[in-house]
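Written below as structure tokens is the structure these notes are about.
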Amino acid sequence: GDLYRGVNGNACDLGHMYMTERPLVCRCGREGCMETVASERAISRELAARYGLERPPVREELIGLLADRLRDGDVQCEELVREAADYLGKGLFNLVSITDPQIVLVSGRLNALNPFYSSLVEESYMKRARSSPTAIVPLEFAPVRHESALVGAAMYSFISTLCDIA
């Protein structure tokens, strides 16, 4: 029931789980992190490369572009989102296998593409979870809230400062 921080305070950062042999350098300096293939930044970088965009789209601009292209039946865009969702589904299965949570909350701007995006992530996750001998941990999808990072930082600070954790 306690917050697990790890030795360096970076425990359970799903974005830096090793996921691919592709030589993509993460902002952490390592290659192959999930963040290089399944994050908004990764999708944005790949969109810019595939479509010759002057600069990678960010935040709501990225989501709007993805939504428009998906609505128009853009096969390359759909393939890109499918690949990212598959990596996230694999990573979530790995996380569940290691941490044994009661539920997993998936939050982020990409959830604005639901139900399309969430169904892809869940399909990838379930493909692996069904073969597991343990009960399937459900995934819950929620849109990102603008204050969520602030609330998370405040909770972490509160627990770290006022609670007895080693």
Side-chain angles (χ1 to χ4, degrees), residues 10-99 101-132 136-153:
N10 300 317
C12 297
D13 187 340
L14 187 63
H16 300 294
M17 179 186 300
Y18 182 78
M19 289 300 295
T20 181
E21 294 288 328
R22 292 167 57 191
L24 300 168
V25 178
C26 182
R27 60 191 172 103
C28 74
R30 296 184 296 221
E31 289 185 353
C33 292
M34 181 183 304
E35 196 170 293
T36 66
V37 290
S39 66
E40 284 181 45
R41 183 181 296 210
I43 292 171
S44 179
R45 181 195 67 238
E46 190 63 29
L47 265 177
R50 288 186 186 192
Y51 294 98
L53 303 178
E54 190 173 307
R55 63 172 181 71
V58 295
R59 295 182 182 83
E60 284 73 19
E61 175 189 13
L62 169 64
I63 301 307
L65 181 61
L66 288 170
D68 290 345
R69 289 185 181 270
L70 290 169
R71 192 177 316 104
D72 293 342
D74 186 319
V75 176
Q76 280 192 43
C77 184
E78 184 177 325
E79 176 186 303
L80 176 60
V81 174
R82 279 184 186 283
E83 180 182 34
D86 186 52
Y87 277 116
L88 181 57
K90 287 176 190 177
L92 291 172
F93 176 73
N94 289 338
L95 179 71
V96 165
S97 298
I98 294 168
T99 61
Q102 186 174 16
I103 191 169
V104 174
L105 177 64
V106 182
S107 179
R109 273 184 283 273
L110 290 170
N111 284 333
L113 304 175
N114 289 346
F116 177 71
Y117 178 71
S118 60
S119 67
L120 294 175
V121 173
E122 193 147 27
E123 177 185 321
S124 174
Y125 169 76
M126 290 301 290
K127 183 170 42 176
R128 292 152 182 89
R130 276 191 214 99
S131 65
S132 179
I136 294 174
V137 173
L139 302 180
E140 184 73 31
F141 293 84
V144 70
R145 295 176 50 183
H146 295 292
E147 70 276 4
S148 59
L150 181 60
V151 170

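By the side-chain hydrogen bond (donor to acceptor under 3.5 Å, both in side chains) test, S132 is found to be paired with T134, residues two or more places apart in sequence or in another chain being considered. Every residue was checked against the salt bridge (charged side-chain N to carboxylate O under 4.0 Å, His left out) condition with E122, not counting sequence neighbours, and none meets it. With sequence neighbours left out, E79 forms a side chain to side chain contact (heavy atoms under 4.5 Å, CB included) with R50. Residues forming a side chain to side chain contact (heavy atoms under 4.5 Å, CB included) with E140 (at least two apart in sequence, or on another chain): I103, L105. A search for side-chain hydrogen bond (donor to acceptor under 3.5 Å, both in side chains) contacts involving R41 returns nothing, not counting sequence neighbours. Evaluation of the side-chain hydrogen bond (donor to acceptor under 3.5 Å, both in side chains) rule for E21 yields Y18 as partners, not counting sequence neighbours. Residues that satisfy the salt bridge (charged side-chain N to carboxylate O under 4.0 Å, His left out) test with R128, not counting sequence neighbours, are D86. Considering only residues two or more places apart in sequence or on other chains, Y51 meets the side chain to side chain contact (heavy atoms under 4.5 Å, CB included) condition with L47, L53, R69, D74, Q76, C77. Legend: residues meeting side-chain hydrogen bond (donor to acceptor under 3.5 Å, both in side chains) with R27, ordered by chain and number and at least two apart, are E35. In this structure, the salt bridge (charged side-chain N to carboxylate O under 4.0 Å, His left out) partners of R82, at least two apart in sequence or on a different chain, are E78. By the salt bridge (charged side-chain N to carboxylate O under 4.0 Å, His left out) test, E61 is found to be paired with R55, residues two or more places apart in sequence or in another chain being considered.
Annotation for V137 and P101: closest pair CG2-O, 3.4 Å, computed over non-hydrogen atoms. Closest approach of A38 to A42, counting heavy atoms only: N-CB, 4.0 Å. For the pair L62 and E40, the tightest heavy-atom approach, listed with the atom from each and the gap, is CD2-O, 3.5 Å. Smallest separation of non-hydrogen atoms from Q102 and P138: O-CD, 3.5 Å. Of all the heavy atoms in S124 and A85, the pair that sits closest is CB-O, 4.0 Å. In terms of heavy atoms, I63 sits closest to R109 at CD1-O, 3.6 Å.
To the nearest 0.5 Å, atom CG of residue L14 and atom CG of residue L92 are 6.0 Å apart.
N94 is listed as a side-chain neighbour of M17, based on a closest heavy-atom distance under 4.5 Å. Side-chain contact between M34 and L88 is present, with heavy atoms from C-beta onward closer than 4.5 Å.
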In residues 112-121, what donor-acceptor pairs under 3.5 Å come from side-chain atoms, sequence neighbours left out?
| unit_1 | atom_1 | unit_2 | atom_2 | d |
| --- | --- | --- | --- | --- |
| N114 | OD1 | S118 | N | 2.8 |
| N114 | OD1 | S118 | OG | 3.3 |
| N114 | ND2 | N111 | O | 3.2 |
| N114 | ND2 | N111 | OD1 | 3.3 |
| S118 | OG | P115 | O | 3.3 |
| S119 | OG | P115 | O | 3.1 |
| S119 | OG | F116 | O | 2.8 |

| field | Trace of the side chain to side chain contact (heavy atoms under 4.5 Å, CB included) decision for T36 with R22 | value | CA-CA 9 Å; T36 66; R22 292 167 57 191; over 6 Å; no

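In this structure, K90 forms a cation-pi arrangement with Y87, its terminal cationic atom sitting closer than 6.0 Å to the ring centre and no more than 45° off the ring axis.
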